[in-house]
Asker: 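Before I ask anything, let me first share the structure, which is written out below as structure tokens.
Proteins come first, then strands; the chains are lettered A, B, ... in the order of their sequence lines, and each starts at number 1. Side-chain atoms are counted along with the backbone in the values below, which use heavy atoms only and exclude waters and symmetry mates.
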Amino acid sequence: MEGRKDQTLAEKIFSMHCGRDVYAGDVVLADLDLVFAHDTTCAWLLEPFYQLTDRVWNKHKVFIFFDHAFPAPNLQIAQFHARIRRFANEQDIPIICEGVCHQVLIEKLIMPGQLILGADSHTPTGGALGALTIGAGSTDVAIGMATGKCWFVVPVTIRIEITGKLKPGVFVKDVGLLIAKTIGPEGADYKVVEFTGDAVKNFSVFERATLTNMSSEMGAKAAIVEFDQQVCEYLKARRDNFVETDLTKQLKSDLNAKYHKILSFDISALEPLVAQPHEIDNVIEVKKLESEKIKVDQVFLGSCTNARIDDLEVAFKVFKKVKRINQSTRLIITPASREVYLEAERRGYLKFFTELGATVTNPGCGACLGRHLGILYDEEVCVSTSNRNFMGRMGSPRARIYLASPATAAASAVTGFLTDPREFL
Amino acid sequence: MNWIFGDNINTDLITPGRLNISTVPEELAKVVFLEYCPSFSKEVKSEDFVVAGRNFGCGSSRETAVLALKACQIKAVLAKSFARIFYRNCINNGLLAIITDTSNIEKDDELELDLEKRVLLNKTKGIDLQIVLPGLMLESYRAGGIIPLIKQHGLDFLTRLTE
């Protein structure tokens, strides 16, 4: 089209959802493809929702997940669940109780090029499939459920080019921590992060999801990886209705698209990293902390960041070699979804973990947000594969959370101290 | 009085995850900063200001962080910058989240907001500070939230106010 300037992938997707070519800085009222909330944020959206309407705009495009505390661990949450079930029944919309919303969305629902609004800050995770998946508060999602629309300022994009090949024992989580260390907790605020480069092309869909997930901790409005053959194969195997079209092939930034910033990372020399309490960018090499002998009370292998089958496989390899875990360290394994749980069961991981002394829980958010399944007490130390080490996040404000890869978490469960995983792999 | 906070105050500190299981704003007001600043919920008075550094409200999307602060009847949150979702939640609930240079504001400084002129007067120090306050936030504040605005004017109105 004459006069049409080159666009970023985010600008393209926004343009597809508001009927005109738009660019960073434009204000749009966009049509949403899918809207979701979960067992806490949904409770808070009921009041604004009913003030606007008594019916959802499209019952096939609204989803509710019970993942943050399911099954209900106390009476207050049971009341939340009951109110939300009533709402879902009345609206004839499903409640999905089979794991963390972001993982189930990737497994079953998200399509490339979609614009999705979710009442959860880790919604950018879904960008691993080449969609724009944006987190919001409950009121915005109430408006989305009522009208199918949301207003946005079209965001600028930070392009992050990742090249090189990870050394053995180093994982995508370590790459995420490196980026967090570099750009900080505000570095992507209001912006889209587009991950690209040879390394990203070689990352699996799930590895990409670890990166898009962690962009939330840098404030990103969304994170995205362009549609490619990997995404195509993943979707062909999982969606009855997926066909590659000219449209999906166009889901990439134009050559002369305007970026806010371009950052490059060569990950070839990267070491296993850890984010120390209580900030995501308080990042250091695990090796440098080993001499401090940081005693670990709990290891949490779970969350929307790192509890997929590949993550459980890495932990399995570490444990398989030594066939033990430290007796004074609690190991809690919470698979991200039912699909992950069943696959881990099929491969014999769950039996193996359980016999080692681990507690394997039902799929969901688990201990990540301090509501159930592994709340920390004063002065306790947890090595977690999640994405938040905020003070008080997993329980007592006097507990200390270290964020690390599944390999580092597993190695630390073996020794009982924060441990570089490379001697176990 | 002004409650002074630093950078990157996350919503887990404002309403901790295991305590914010309520939809009643007055209940949520009792747990604001319960562990991070225990005196806050006991001593905060209406018309007080919350004053912070960069990236206030980062982390979880939980709207309780805004509902709870609003239920404390504070006048506004002043910060050098806000995390995106928290900022939208403030717009949606009619809580003033005002971007300004908070570097030199102290606990006992007497502050006055002039919303029309978009100025924050620090009467104690005799300084006028420029503030960032989009039309949408101001209109929503005056209407008591975004829902009354939508009911009155429709969704398109929001984008016109944002531009």
Asker: Checking A:Ala69 against chain B: side chain, backbone, both or neither under 4.5 Å from a heavy atom?
Answerer: neither

Asker: Using non-hydrogen atoms and a 4.5 Å limit, figure out which bit of A:Thr41 sits close to chain B: side chain, backbone, both or neither.
Answerer: side chain

Asker: What residues of residues 19-35 of chain B sit under 4.5 Å from chain A when only non-hydrogen atoms are counted?
Answerer: B:Asn20, B:Ile21, B:Ser22, B:Thr23, B:Glu35

Asker: Can you tell which part of B:Phe86 gets under 4.5 Å to a heavy atom of chain A, answering side chain, backbone, both or neither?
Answerer: neither

Asker: Checking B:Asp7 against chain A: side chain, backbone, both or neither under 4.5 Å from a heavy atom?
Answerer: neither

Asker: Which atom pairs, one a donor and one an acceptor, fall under 3.5 Å between side chains of residues 128-149 of chain B and the rest of the protein, sequence neighbours left out?
Answerer:
unit_1: B:Ser140; atom_1: OG; unit_2: B:Ile91; atom_2: O; d: 2.4
unit_1: B:Ser140; atom_1: OG; unit_2: B:Ile146; atom_2: N; d: 3.2
unit_1: B:Arg142; atom_1: NH2; unit_2: B:Glu116; atom_2: OE2; d: 2.5

Asker: What part of A:Phe80 lies closer than 4.5 angstrom to a heavy atom of chain B: side chain, backbone, both or neither?
Answerer: side chain

Asker: How far apart are the C-alpha atoms of B:Ile85 and A:Ser121, what are their side-chain angles, what is the distance that settles it, and do they pass the side-chain contact (heavy atoms from CB on, under 4.5 Å) test?
Answerer: CA-CA 8 Å; B:Ile85 298 178; A:Ser121 58; 4.3 Å; yes

Asker: Where on A:Ala136 is there a heavy atom nearer than 4.5 Å to chain B: the side chain, the backbone, both, or neither?
Answerer: backbone

Asker: Are A:Phe152 and B:Arg88 packed together at the side-chain level, in the sense that at least one heavy-atom pair is separated by less than 4.5 angstrom?
Answerer: yes

Asker: If you look at every heavy atom in B:Arg84 and A:Asp189, which pair is closest and at what distance?
Answerer: N-OD1, 3.1 Å

Asker: Please flag which part of A:Thr139 lies under 4.5 Å from any non-hydrogen atom of chain B: side chain, backbone, both or neither.
Answerer: both

Asker: Count the heavy atoms of every other residue, nucleotide or ligand shown that sit under 6.0 Å from OH of A:Tyr377, and state whether that count exceeds 12.
Answerer: no

Asker: Testing the basics here: between B:Leu13 and A:Met391, what is the closest heavy-atom pair and its distance to 0.1 Å?
Answerer: CD2-O, 3.8 Å

Asker: Report, in residue-number order, which members of residues 44-75 of chain B are under 4.5 Å from chain A by heavy-atom distance.
Answerer: B:Arg54, B:Asn55, B:Gly59, B:Ser60, B:Ser61, B:Arg62, B:Glu63, B:Thr64

Asker: Taking side chain as C-beta onward, heavy atoms only, is B:Leu158 less than 4.5 Å from A:Leu29?
Answerer: no

Asker: Is chain B contacted by the side chain of A:Arg398, its backbone, both, or neither, given a heavy-atom distance below 4.5 Å?
Answerer: neither

Asker: Under 4.5 Å heavy-atom distance to chain B, tell me which part of A:Arg388 shows up: side chain, backbone, both or neither.
Answerer: side chain

Asker: Which pairs of donor and acceptor atoms, one on a side chain in residues 119-127 of chain B, lie under 3.5 Å apart (sequence neighbours left out)?
Answerer:
unit_1: B:Asn122; atom_1: OD1; unit_2: B:Thr124; atom_2: N; d: 3.3
unit_1: B:Asn122; atom_1: OD1; unit_2: B:Lys125; atom_2: N; d: 3.1
unit_1: B:Asn122; atom_1: ND2; unit_2: B:Asp109; atom_2: OD2; d: 3.0
unit_1: B:Lys123; atom_1: NZ; unit_2: B:Glu112; atom_2: OE1; d: 2.5
unit_1: B:Thr124; atom_1: OG1; unit_2: B:Glu110; atom_2: N; d: 2.6
unit_1: B:Lys125; atom_1: NZ; unit_2: B:Asn104; atom_2: O; d: 3.0
unit_1: B:Lys125; atom_1: NZ; unit_2: B:Glu106; atom_2: OE1; d: 2.7
unit_1: B:Lys125; atom_1: NZ; unit_2: B:Asp109; atom_2: OD1; d: 3.3
unit_1: B:Lys125; atom_1: NZ; unit_2: B:Asp109; atom_2: OD2; d: 2.7

Asker: For B:Arg18 versus A:Gly392, what's the shortest heavy-atom pair and its separation?
Answerer: NH1-O, 3.6 Å

